[in-house]
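We use all heavy atoms of the structure for the numbers below, so side chains are in, but hydrogens, waters and symmetry mates are not.
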Amino acid sequence: MKICVWGDELAAWIAAAQLASYGNDIIKAGSALAPAESAIRIEPGLMDRLEQGIIGGQIRSSEEEDPFSAEIHWLAIAPGELEAAGEIVAHLAAVHQGSLLVVNQSNLGTGASDQLQSRLDENKQQHVVYLPDMLQGGQAMRQFAHPEVMLVGCENDSAGTMFTALMRPFTREGTELRLMSRREAEFTKFAITGMLALRLGYINELAMLADHVGVDIETVRDGMSTDQRVGPYYLSPGCGFGGQHFTQYIEGLAGLLSKTRGSTLLETVLKQNEQHKELPFRKLWQHYQCDLHGRRIALWGLAFKPGVATVESAPSLRVVDALLAQGATIQLHDPEALEDFRFHYGDHPQLVYCAKPYEAVNGVDALLLLTAWPEYWSPNYTELHRLMREPVIVDGRNVYDPQLLHDLGFTYYGVGRASH
């Protein structure tokens, strides 16, 4: 099948790479045949698969071939770009006299796919199918290739047949297809994201309460997860969630709830989350009696979560801003996100970019762990204690054992955990 992929989101590049690997001819709209963002380029397996498709001739740019010549169009454009999507679909309707399938995988809001459908001629078998973007950075290639469940917004049998045939290589091993209307699928995506945000917000609020009543939130969390009605997922307390798309979905649903129901439920979650992002700073600030001027602080982890190279909406941004305002010098390390972080802050005189984790802790008054990258979980504690000027650790992800750190001579602060 000839497919044109529109957009520069992670979902667009994943779709281009994976669809090309199963014999489809892909036209990538735009002149670039590789993502410009480093956060997308490091996605495991993506660049190798794109290179194979380009060398094999399955992936071509729209400069080589007319993008509107394809009969299947995959939209994975930036959130909020409904007008741009509408222009693409309107032009498709103008130049095509026959059947068309438009797969919309963009975050454009509830009802957006219906608006796109209104620009097409259903009598000519021109249809929009909505596929919620469920891909997570660091796992996107695998999730596209082996989805356990696929939610599909489709209201036409022939469009459903065409879409099912297109996705058959990825769904033949027992994937459960859940068909619903386009609007229902869009709303379901919002609802799932909102539920995850509520769980994260709830466990973080419990962690704050645990600090006051003197219990370890990790023990409480383990107990909660034994109840099958609750389960263990998205119940890890920490210093707030981030990520551009996750946050935008929540903001979109929060706005819809506020506008139609007067509900502030998710707006409260977002507000509280921004406060949680500053929690590591506040614990450090209180430890040093509200004076961090001249202190040297190490940060391990800048990305908003492990496995990604972007700091979009990450807690590290709020923490660094607060530390800079206090006059502290910050020594930074992250396995993947240093480049993106430097793009935000440049060569600030109070920032020291470090290639290795132990380089970042050399001579510091405290270490703040903000992202639970695997390489941070089991450090050489003896070396860590030797390198640090003051052995103070603020664990924003509850990675470490408080008792072990105490026994080794560290001062430890976690999220909802007993401090020593």
- prompt: After noting the C-alpha distance and the side-chain angles of F341 and S316, does the key distance pass the side-chain contact (heavy atoms from CB on, under 4.5 Å) rule?
  reply: CA-CA 9 Å; F341 190 89; S316 61; 4.2 Å; yes

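- One finds no salt bridge joining E184 and R182 here, because no Lys/Arg side-chain nitrogen approaches an Asp/Glu carboxylate oxygen to under 4.0 Å.
- M162 is not listed as a side-chain neighbour of V129, based on a closest heavy-atom distance of 4.5 Å or more.
- The residues D114 and R183 are annotated as salt-bridged, a charged nitrogen and a carboxylate oxygen being separated by less than 4.0 angstrom.
- Side chains of L367 and P391 form no contact here, defined as non-hydrogen atoms less than 4.5 Å apart.
- No side-chain donor from either of H348 and Y353 sits under 3.5 Å from a side-chain acceptor of the other.
- No side-chain donor from either of N204 and H276 sits under 3.5 Å from a side-chain acceptor of the other.
- Here the shortest heavy-atom pairing between A372 and W377 reads O-NE1, 3.3 Å.
- With respect to the salt-bridge test (charged N to carboxylate O, under 4.0 angstrom), the residues E186 and K189 do not qualify.
- Residues C354 and L338 approach most closely at O-CD1, 3.4 Å, considering heavy atoms.
- Using modelled atom types and a 3.5 Å distance limit, the side chains of Y413 and D211 yield no donor-acceptor pair.
- The pair D365-R295 meets the salt-bridge criterion, with a side-chain N (NZ, NE, NH1 or NH2) lying under 4.0 Å from an Asp/Glu carboxylate O.
- Between F170 and H146, a ring centre-to-centre spacing not shorter than 6.0 Å is recorded.
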query: Does the side-chain hydrogen bond (donor to acceptor under 3.5 Å, both in side chains) test come out yes or no for Q52 and D48, once each step is laid out?
result: CA-CA 6 Å; Q52 292 171 14; D48 288 343; over 6 Å; no

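- No close placement of the F241 and F304 rings is indicated, their centers lying 6.0 Å or farther apart.
- Between E274 and K277 there is a salt bridge, since at least one side-chain N of the basic residue sits less than 4.0 Å from a carboxylate O of the acidic one.
- Counted by atom type alone, E81 and S106 present zero donor-acceptor pairs between their side chains at under 3.5 Å.
- With a 6.0 Å radius and a threshold of 12 heavy atoms from other residues, nucleotides or ligands, E339 has its CD atom at or below the threshold.
- You'll find the side chain of I393 stays beyond 4.5 Å of the side chain of T411, heavy atoms only.
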